[in-house]
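On a predicted model such as this, the values are computed, not experimentally measured, just so you know. Quick note: numbers below take in every heavy atom, side chains included, and nothing from hydrogens, waters or symmetry partners. Each chain gets a letter, A, B and so on, in the order the sequences are listed, and its residues count up from 1.
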Amino acid sequence: MKRYNPKEIEPKWQQIWDEQQTYHADLASDKPKYFAMSMFNYPSGHGIHIGHAMNYTISDVMARFKRQQGYESYHPVGWDAFGLPAENYAIKTGVSPQESMASIIPGYHAQYKAMGWSNDWSKEIATCDPEYYKWTQWIFWKMYEQGMVYQDERLQWWCTKCQTVLSNEQVIDGKCWRHDAADDPEVGKKAVKQWFFRITDYANEMLEATHDLDWSEAVKTAQINWIGKSEGAEVTFALANDHESRPNFVILHGFTGHANAHFIPRLKSDLESRGYQVQAPQMPNTDNPVEAEQVNYVLENCTFDKDTVLIGHSLGGAVAIKVLEKLDHPIESLVLVAPVVEPAFRGENYKNENPNRPPRLFVDTFDISYDYDQIVAKTKSRIVLSDAMEVKRKPYLDYLAPKIDAALHETTAAKIHFTSGNEPFILEVLDSCLLTRASDKNITVFTTRPDTLYGATFLVLAPEHELVRSITTDEQRSEIEAYITEAEKKSEVERQESKDKTGVFTGAYAVNPVNNQNIPIWIADYVLTGYGTGAIMAVPAHDERDNEFAQKFDLPITQVIAPYIVYDDEEFAPRDGLDNLKRRTVDAIITDGNNNYLLETEDEKNVHFVGGGVDKTDADDIAALRREIAEEVGFTNIASIKMAAPYNAAHAYRKTKNVNQVTWGQFYEVTLGSLAQERSEIEDGKHSIMWVTKEEVAAKLTWKGHATAWNHYINGSSEVFHQEGLMVNSGEYDGMESAKAREQIVQDLEGKGLAKFVTNFRIRDWSVARQRYWGAPVPIINCPVDGQVLVPEQDLPVVLPELKDFAPSGDGRSALARATDWLKVDCPKCGGPAERETDTLDTYICSSWYFLRYLDPHNSQAAFGSNVANKWMPVDFYNGGDHATAHMIYARFVTRFFHKLGLLAEPEPFKKFLFNGKVTASDGTMFSKSKGNGVDPLEIIGQGYGADALRTYLMFAAPLELWMRWDAQGVPGTYRFLNRVWNLTQEFCEFLQGQDSSFVAKAMKDKESREQDGLQGVEVLQAVHPVIRKVTSDLEQQKYNTAIASMMELTNTLYTLKKNGFTNMFAWQFALESLAAMIAPFAPHTADELWHDLGRTTSVQRDSWPLFDEQYLARDTITLAVQVNGKLRGTIEVPADTDQPASVEAAKQNDKIVAYLDGHEIIKTIFVPGKLINFVVR
RNA sequence: GGGCGAAUGGCGGAAUUGGUAUACGCGGCGGACUUAAAAUCCGCUGGUCUAAACAACCUUGUGGGUUCAAGUCCCACUUCGCCCACCA
């Protein structure tokens, strides 16, 4: 009998497949297409390892399965040949990357073929081939043309010895990979201009498309996190002016007697009482219009400096503006109180105003056409328009404000401040002048929680933030500089390693836009320069990082969100006789100082701490608390009061009574000085008190909000509260739900140009060029006259010149800077002398479109033809063990770009993606060259087990997504399985040869005579058909391990059936052919050999997949499990079509069951058709 | 810290989605063939109890729950893995 010898059959079939071009994919075929591939291979001198064997077999199995099913299946092959390792090797040895690739790649051909992978070699590609990278350059070209490319400076690792940039992997222990001796310097960071693709433009649509992909959830989540969308707001904080300079004021009166008599003197005295200098000149009293006389009077009699706030009331505002025009330097602020606006004066209806006419202030016939840019330029801080006294003018301001705002928005969004109102207007004007007085600098922060703005007690900038140096005060400068230097030295990784918060105060302050408080500005490396705006508002009460920072540097912490309890209709809601209210409360945790606590009892459902609302008449919290304690429980002798717990809030509603209360309470610990109730008449007479021990308090309290506060009081609240809650300490927003306040606050600030809703993405623009030799040159020419010029499309590719020395040039550029002949070029625009760009493209670009080139590898007119791409895209099956995020995002981006250009119908490249696990050593550690614990696939094959057994083991050991540990016994195991299939088939073939050939022909072909002679072989067919069904559906879902298990099971079954002989030869022939076809994706050589041994003349590799027949899926009899009270007590065999009553009856007759049922009453019988019967007895 | 997932014999793993837990393979034990070994073939192989078998009971990380029935669903906890990570 022919023995199973992979060493013989595998090379034989590999040669036949080669000669017959078995795996050549006809891209124009009429058959349905199937496009399966694994991630690109990066060729190295070491050849393929077990991880490659894993990856490429996974896609090979899918490609083969589909090819056998009748698809035109394409399993491409190519080389990701550009990149740093080959360049590093070249620098060290002088062997050019071109040469080393040329010597390495042929070795891979042999190894791929030895693995039996069904690659179409006629379409092989390599990214370092000019025919390929011409189109990689073209992608850059096209991106540039479409405005998707820009340059920007970024910090890069820099080796001062090489005078070159280093990649992360070239920095080893803080030193350059080539200069790592003890006396070599540590590498630093240097700002270098980099090329970027605007991938962030596509962030949102890629994110949304991610949800519909047929990928595993884990990989989709990785993509979603990588894109990292977060919704929030940008809020602008003005920088507070330094405290040295104080503002001074010039007030110009208007022409109404009332205002002159009241407003001006009052404002003047108010300001002077605060210690400010005020000039209020009595201008010559002319009638309207404003005349030069007045303007000159002001200029002559007043002094203006950079800190002057110029206030003009009514028509005084017009004078103020004319004065401002004449000044030769900027002033601090311009405040126009109750300005007179054009339509009002004309008596026209402002609504009829021509909307296209620029907004202006207007006085009588003297038309002041402002140059807004000039006004702004001469006003350092703010322009304030205040409606002041005359409320009737409000509509005009409302009309004017947005127009001025729109006109000025671009440059001065933060400068315009509108106020309105009546009585407190002077204070408002003062506030506007003093508190919002700011320098011309702003800091914009990104936050997802604008609702916590009132709790922002400091700002933190990233050390790299552009404003850091300009805002730092002289006293802080040296400390700040030291910190920046230190931060720059650290790599991202190192920064993350030490979680201890570090930071330095800049000496500067910003103005919190919601409450006008000055808050300090710090820098710290926990704020990242690349995300949001590189600056944050720190809310230490509600953010853990900020909290840690504030604790460490003793910065203020203000709670602004209170956790709250919702009482609904069903529960008891705290009540105090007031419905539909919203108020702040104070509550007293009263103790005698001796671990006894006082609770107030109204009835059994109302046991709580003493407390109540803060009234307007209460001076402060403490006064309110004393009043409540006295009123409700009659104590006035209080020894101490101190804060006991953070704010807690409660929201109670009762639909039935239409009660809707929102309260937020501060709890205080109150220690009594005497236990004597000094007032006997306590409120309403319905309050009584009880003293309980500390341990009893929790059990007695009936109000949940109080219980929560008690819990905080006892246990402390170590966790920073960062959830939704109710607003407290937040001015007008108090009592609002935080989610709602989040919208409201931003909306309100937006009106003042101080905030806007912003969606932020974590993904950054793609840095697409490297200062390296071994890559596709960036197709740009730098011309001294025309600047950056694209290489004309017809001049592509820019061929990478051959060099002798591959080390970087030493001036920060790649080795290409030394290739003088190549470098010097005529400018395509002006024809003058120019130089080529010396950066080369990131290899991620090469691998972001290679699947498209696979479809049209020899096209010299285009990157790919749209017709063939539209037929074959998307890739039906894609897998890999690395690059679940970056590579996938880039490939999706480039595909989407082509889709937008109309070159591709499909926006997504990969229909199905499987992120497979890796193979580790048997102890779970990674294989590594240094440990010498690697497993060489070729060695396994060479040992005689063959590629088929190796492939089958790799696919069988575990589900593909799981990491698998290499087991030396595994390949022998699958070898045994293949050997069993082999021997069984050989035995059958020998049996056939021993039979009379005419009888064989009859038994094989003639159905009737088969039946006559009893040669149907139903058992064999009933064994094989269910396995065909299972293997087919398992392969469809890449459940390779269970597919192989069921084929092993089938083999075992066939061995058992073999004992009855092979006389049912038709059935045996079918079973063995099917088995050979089904093992073919895993063991293609063995399968092809057996397929031919069974008499087939065509290859098993195409159109051979067996179909199952329903008729043989069902068995004649089935086994029913019989349970009693849910425990298995026996099984019965019944004909498959037995109905419920008959099955139950049969079960009751069963010997074992009888014993269990005896003496019990059956109270329920469960029947699951085809599965089980369960008797519930008692 | 966040997200996702997992936990089943001595080991890798299976379980049709709530219906006979431990398929298949490895390893181990026994037997056949052989002078012998390898290879091959045929058995057995979760635990307690037992010389062995039957029977019984227990068993899918731990503890509860839902259900006639839970590896599978729910709650809490423990441990592990992976990915992301000071993302505001």
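Across B:G12, B:G27, B:C87, the shortest atom-to-atom separation from the side chain of A:Q969 is found for B:G27. Minimum atom distance to the side chain of A:Y1156 is reached by B:A55, of the listed B:C68, B:A55, B:A88. Checking B:A88, B:A23, B:C42 against the side-chain heavy atoms of A:F446 singles out B:A88 as nearest. Comparing B:C87, B:U16, B:A21 by their nearest atom to the side chain of A:R762 picks out B:C87. Here the side chain of A:Q1123 is nearest to one of B:U40, B:U20, B:U16, namely B:U20. Closest to the A:R545 side chain, of the nucleotides B:U20, B:C26, B:C86, is B:C86. Side-chain proximity of A:V1176 to B:C68, B:C24, B:C86: nearest is B:C68. Checking B:U40, B:A14, B:G19 against every side-chain atom of A:V1168, the shortest atom distance belongs to B:G19. For A:A222, the listed nucleotide lying nearest its side chain is B:C83; candidates were B:A15, B:C83, B:U20. For A:A958, counting side-chain heavy atoms from C-beta on, the closest listed nucleotide (B:G13, B:A88, B:U40) is B:G13.
In this structure, CD in A:Q986 is found 10.0 Å from CG in A:N979, a value given to the nearest 0.5 Å.
With a cut-off of 3.5 Å on both pairing distances, B:A52 has no Watson-Crick or G-U wobble partner at all. With a 3.5 Å ceiling on both atom-pair distances, the Watson-Crick or G-U wobble partner of B:G3 is B:C82. Using the Watson-Crick or G-U wobble rule with both distances under 3.5 Å, B:A76 pairs with B:U62. Checking B:C29 for Watson-Crick or G-U wobble geometry (two distances, each under 3.5 Å) identifies B:G43 as its partner.
B:C87 sits 40 Å from B:U60 when the P atoms are compared, rounded to a whole Å. Remark: the separation of the C1' atoms in B:A56 and B:U66 is 28 Å, to the nearest Å. Rounded to a whole angstrom, the distance from the P atom of B:U22 to that of B:A55 is 16 Å. Look at the C1' atom in both B:A6 and B:G13: the space between them is 13 Å, to the nearest Å. B:A21 and B:C58 have their P atoms separated by 13 Å, with the value rounded to a whole Å. Comparing the C1' positions of B:G28 and B:A36 gives a spacing of 23 Å, expressed to the nearest Å. Comparing the P positions of B:U72 and B:G9 gives a spacing of 15 Å, expressed to the nearest Å. Across the C1' atoms, B:U8 and B:U62 are found 15 Å apart, a figure rounded to whole Å.
Identified under the side-chain hydrogen bond (donor to acceptor under 3.5 Å, both in side chains) test for residues 1033-1048 of chain A, with sequence neighbours left out: A:K66-A:E1036, A:K1030-A:D1034, A:D1034-A:T1042.
Ring geometry for A:F1062 versus A:W1068: interplanar angle over 60°, hence perpendicular rather than tilted (30 to 60°).
Contacts of A:Y1055 with the nucleic acid, taken as non-hydrogen atoms under 4.0 Å apart, involve only primed sugar atoms and P, OP1 or OP2. As judged by a 4.0 angstrom heavy-atom cut-off over every strand, A:N760 is placed among residues making no nucleic acid contact. A:N1174 comes within 4.0 angstrom of a base, heavy atoms only.
Taking 4.5 Å as the limit, every side-chain heavy atom of A:F458 sits out of range of all side-chain heavy atoms of A:M537.
In this model, the phosphate group of B:C41 is approached by a side-chain N or O of A:R980 to a distance below 4.0 Å at OP1 or OP2. Under 4.0 angstrom from either OP1 or OP2 of B:G27 there lies at least one side-chain N or O belonging to A:R976. OP1 or OP2 of B:C58 sits under 4.0 Å from a side-chain N or O of A:K1127. Dashed line: the shortest gap from a side-chain N or O of A:N1052 to OP1 or OP2 of B:G25 is under 4.0 Å. The shortest distance between the side-chain N/O atoms of A:N1041 and the OP1/OP2 oxygens of B:A14 is below 4.0 Å.
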Discussion item. Show, in sequence, the C-alpha distance, side-chain angles and deciding distance for A:W522 and A:F549, and conclude whether the ring-ring contact (aromatic ring centres under 6.0 Å, His included) test is met.
Written reply: CA-CA 10 Å; A:W522 287 62; A:F549 195 82; 5.5 Å; yes

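A:T210 and A:R892 form a side-chain donor-acceptor contact under 3.5 Å, judged by distance and modelled atom types alone.
Comparing A:K1030 and A:G1126 by the nucleotide of RNA chain B that holds the closest heavy atom to each, the one mapping nearer the 5' end is A:K1030. Between A:K1152 and A:E1049, the one whose closest nucleotide on RNA chain B sits nearer the 5' end is A:E1049.
B:G9 adopts a syn glycosidic conformation, its chi angle falling within 90° of 0. Syn is the classification of B:U17, since its glycosidic angle stays within 90° of 0.
In terms of the side chain to side chain donor-acceptor pair (under 3.5 Å) criterion, residue partners of A:T57 (sequence neighbours excluded) are, by chain and number, A:W117.
Salt bridge annotation for A:R449-A:D543: absent, with no cationic side-chain nitrogen under 4.0 angstrom from a carboxylate oxygen.
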